[in-house]
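To start, the structure under review is shown below, and the notes come after it.
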Number of protein chains: 2
Amino acid sequence: MTIAATDDGPLGIICGGGAIPLAVAAAVQRRGRRVMLFALRGFVDAQAVAAFPHCWIAIGQFGRFRRLARAEGCRDLVLVGGLVRPAIRQVRLDWATLVEMPRILRAFRGGDDHLLTGIGRILESDGFRLLGAHEVAPDITAPPGALGIHQPDADAAGDIARGFEMLDALSPFDVGQAAVIAKGRVLAVEAAEGTDAMLQRVVALREAGRIGLPRGTGVLVKAPKQRQDRRFDLPSIGPDTVLHAARAGLAGIAVVAGGTIIAEPQCLVEAADKNGLFVLGRADREAG
Amino acid sequence: MTIAATDDGPLGIICGGGAIPLAVAAAVQRRGRRVMLFALRGFVDAQAVAAFPHCWIAIGQFGRFRRLARAEGCRDLVLVGGLVRPAIRQVRLDWATLVEMPRILRAFRGGDDHLLTGIGRILESDGFRLLGAHEVAPDITAPPGALGIHQPDADAAGDIARGFEMLDALSPFDVGQAAVIAKGRVLAVEAAEGTDAMLQRVVALREAGRIGLPRGTGVLVKAPKQRQDRRFDLPSIGPDTVLHAARAGLAGIAVVAGGTIIAEPQCLVEAADKNGLFVLGRADREAG
């Protein structure tokens, strides 16, 4: 469902790291809605966030966040950006957080899904409405089809199908948003390390002569987990993903159309075209 | 099925890297059968193999291998040891290999399973009988139960169950002989990089503060793939596995009893006891 721009106050964007929260903010503004960014200290770049109305919060400051959000009139919230499990020194606890602590700790013990859905549920019980980045800014998600000039060949199409099938099988285990498949062989599966670190591993395997396939073979597949609430932690790719995939000697990248955020799409397409990689949005029954 | 010692010639052991081929050779000798080691050049340590009757072959020398094996009267063969995808400079092609090349290349293009089962099938069509290391030397596989003095607690038992369940789900994709699970969260899944590299990744995640669980939490689970022919590439653990798991801050290691080779069991148990790790052989309906 796409949420139309409304007049009921600015959209509150709780920002983790990376370029995506800012891309979401800009896309929401283009659609005519005001935004208020809540920048998480230690994750967000101060210069980049300066272009938008914003205030700073720390992980653990539930009470401060609620006061600020209400003062700014934000009822609708989006939670977006990299939230690598916070180091303990970045956590600031306030009274409201301490009260919620048992629930938060339970959320922390599960996978990242549990952490984010746990926080989401607490916010909703406080009367906020949580939206997904793909709902407030649908134009920042991957469209169906090839994004650049290159297309997958038959081998790559086989790897894409097998990759998505495997990510589906892993989904119940709250793991595996990404994998690398080359000529039917699974080279790498992502768990806690993140997509970039997984691609680095493929670079290292290739440099050690352990892949035995020519460059331009294999696909990075990336999908939201099946049971994942897409309002949280939607997978994303950006120009760096393309560059890492190129260094890993892959033929291209396949993501779920409408279910994957494209950060800096123009740079991404340029990098893909220049390096000979395809970037494919696979049409998905859940998307839209 | 356990194969009894027989008098029909020495057992031919085609040796890849690591300590396990030598442990298998010694265990077979202890059971009263002669052995002849075929040491793969570039994979096997010359000093270690000197303790056994042996000859050298290179990857790609099918013709030479067949001549030697027949001359030595070896009809029964075991293929054991690390066979990291060979660098091209280690490959020596002889005439028989060239004749088999189309079949071998097909085998190379699939996963490691396909490579080994492909080679196995070619050997069997030549009249050799391929046995599993666990058949000729059952005493080198993990027994059921705890190997050392430490036992898994309730958290670890939950991680073990979840880990084996996930490896089962991955099995159809010819991937995932190992994973690391901590309090229900999947920290790492092994694909082409190998178990040690996967454990190093967990060490790095922990050092970067991205695990957020106390040391002594989490389990390395290791299982043969479900559809894997256990005559090839049975999973193995050794003292180094224990040390890497200890550095990764895990509580212990769980393997499939009868379906996992224990290299240097005495050193392994000492390392586990000293570092406070359990090593558990999980009883398995397929074993025995």
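A, B, ... follow the sequence lines: proteins, then strands. Residue 1 opens every chain.
Distance check: A:Leu170 CG to B:Phe173 CZ gives 8.0 Å after rounding to the nearest 0.5 Å. A distance of 11.0 Å separates CE in A:Met166 from CG in B:Asp174, rounded to the nearest 0.5 Å. Once rounded to the nearest 0.5 Å, the distance linking CE of B:Met198 with CD of A:Glu193 reads 10.5 Å.
For B:Val175, the part lying near chain A is the side chain, with the backbone staying farther off; criterion is any non-hydrogen pair under 4.5 Å. For B:Glu190, no part lies near chain A; criterion is any non-hydrogen pair under 4.5 Å.
Annotation for B:Ala192 and A:Arg185: closest pair CB-NH2, 3.6 Å, computed over non-hydrogen atoms. Listed here is the closest heavy atom pair of A:Ala191 and B:Leu187: CB-O, 3.3 Å.
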